Amino acid sequence: MRTAIASLVFTLLLAAAPCRAQEPPYFVTYSYGLEEPGNLEVAFKGAQASPKYANPFISETMEIEYGVQGWWTTELYLAGQNTSNDSTIFTGYRWENRFRPLMREHFINPVLYVEFEHISRADKSLLEVTGHDSISDFLLTNSQARSEIEKSLELKLILSSNTRGWNISENFIAEKDLNEPEPWEFGYALAVSRPLALAARGKHCVFCPENFSAGAELYGGLGTTDGFGLQATSHYLAPTVGFDIPNGPNVSFSPGFGLNDNSLGVIYRFTVSYEVQQVFGHFHRSSQ
């Protein structure tokens with residue numbers, strides 16, 4: 001499985017010309033940016049934490065994102081995790097679609113998000129926080145948690161603005177378990193970021209300020225339809241930094257700090273992503 005994935009990624013990178021992805025350095029929050037039609041981005045996203053009274057873990061998520069139309073981006077997630085003194089397991093997949101109803105730039109740009117999840121309770125990717133998610137979710141062993149498969153529908157309203165070089169994004173999240181008659185779970189994610197420099201220098205350089213961006217995220221749960229609010233929920237504040245390597249990948253890092261006793265102490269997140277232009281067009285030309 002790992003060899004096949006590595007071969008696919010290597011083939012895609014060789015087949016297409018490099019293209020820098022101009023994205024804010026967010027890990028949980030979405031901005032209004034979509035993938036360009038015909039372009040494909042492959043990303044490897046990780047999260048590491050050491051829960052109190054539980055074993056340390058590192059999660060690994062592979063993302064394959066494709067621009068179907070200018071108003072529609074689709075993405076597949078494959079997730080797994082390794083827990084110290086336990087095991088390494090595959091935890092499931094997600095299929096995400098984002099739709100932009102207004103193509104022209106506005107002061108506030110909305111995006112509609114729909115995702116189907118097929119993941120086990122052992123999933124530790126922490127791509128969002130909803131409902132009453134808490135540190136107690138990490139106390140189960142992999143053998144105990146992997147047998148419980150959750151099929152769920154996740155919806156997001158994404159609002160995002162650009163002003164004077166700053167990106168400001170707000171997400172409202174609603175999630176419903178399709179297996180059981182459970183209540184809807186809610187969450188939020190807020191973020192702001194800015195490149196360190198807005199104007200590019202006249203000469204080529206790797207470590208120029210315009211290739212770096214910095215920001216912060218605030219995200220957490222908002223309870224359920226049975227009890228909406230902040231009671232018994234977890235919340236995180238996370239500074240973020242991103243580095244767009246010219247003619248290379250995008251690298252981002254973020255330490256997220258839990259804000260209450262229901263939260264993990266610190267979550268270390270990292271992402272390496274690479275975008276290729278018109279990937280199927282390259283394969284078509286190479287076959288002629």
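Remember, it's a predicted structure, so these values are computed and weren't measured experimentally.
Aromatic ring centroids of F207 and F243 lie under 6.0 Å apart. Between Y188 and F172, the distance separating the two ring centers is not shorter than 6.0 angstrom.
Each of Y26, F257, Y30, Y236 was evaluated against Y219; a single residue qualifies, Y236, per the ring-ring contact (aromatic ring centres under 6.0 Å, His included) test.
E154 pairs by the salt bridge (charged side-chain N to carboxylate O under 4.0 Å, His left out) definition with K156, not counting sequence neighbours. Not counting sequence neighbours, the partners of L126 by the side-chain contact (heavy atoms from CB on, under 4.5 Å) test are F57, F138, L264, I267, R269. Remark: Y77 engages no residue in a ring-ring contact (aromatic ring centres under 6.0 Å, His included) (not counting sequence neighbours). With sequence neighbours left out, E180 forms a side-chain contact (heavy atoms from CB on, under 4.5 Å) with D177, E182. Every side-chain contact (heavy atoms from CB on, under 4.5 Å) that E148 has, sequence neighbours left out, goes to R121. Applying the salt bridge (charged side-chain N to carboxylate O under 4.0 Å, His left out) test to E75 and every residue at least two apart in sequence or in another chain returns R98.
The shortest non-hydrogen separation linking G67 to T73 is CA-OG1, 4.3 Å. Residues S59 and S125 approach most closely at OG-CA, 3.5 Å, considering heavy atoms.
At distances below 3.5 Å, not a single donor-acceptor pair connects side-chain atoms of E217 with backbone N or O atoms of A189. Remark: the backbone N or O of S84 is paired with a side-chain donor or acceptor of N55 at under 3.5 angstrom. Under a 3.5 Å cut-off, the side chain of Q81 and the backbone N or O of A122 do form a donor-acceptor pair. Side chain of S234 to main chain of D133: a donor-acceptor pair is present (N/O by atom type, distance under 3.5 Å, no hydrogens or angles). Between the side chain of E275 and the backbone N or O of L40 there is no donor-acceptor pair closer than 3.5 Å.
In the model, H235 has a side-chain atom that pairs as donor or acceptor with a side-chain atom of T233 under 3.5 Å.
Note: F116 and Y93 have tilted aromatic rings, judged against thresholds of 30 and 60 degrees for the angle between ring planes.
Rounding to the nearest 0.5 Å places CD of E170 at 5.5 Å from CG of L159.
Between N142 and K124, some side-chain heavy-atom pair lies under the 4.5 Å cut-off. Using a 4.5 Å cut-off on side-chain heavy atoms (C-beta onward), L78 and F90 make contact.
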Begin with the C-alpha distance, continue with both residues' side-chain angles, and end with the deciding distance and a verdict on side-chain contact (heavy atoms from CB on, under 4.5 Å) for Q278 and N39. CA-CA 5 Å; Q278 304 302 311; N39 288 5; 3.3 Å; yes
_Could you go through M62 and V42, starting from their C-alpha distance and side-chain angles, then the distance that decides it, and tell me whether this counts as side-chain contact (heavy atoms from CB on, under 4.5 Å)?_
CA-CA 7 Å; M62 180 180 179; V42 179; 4.0 Å; yes
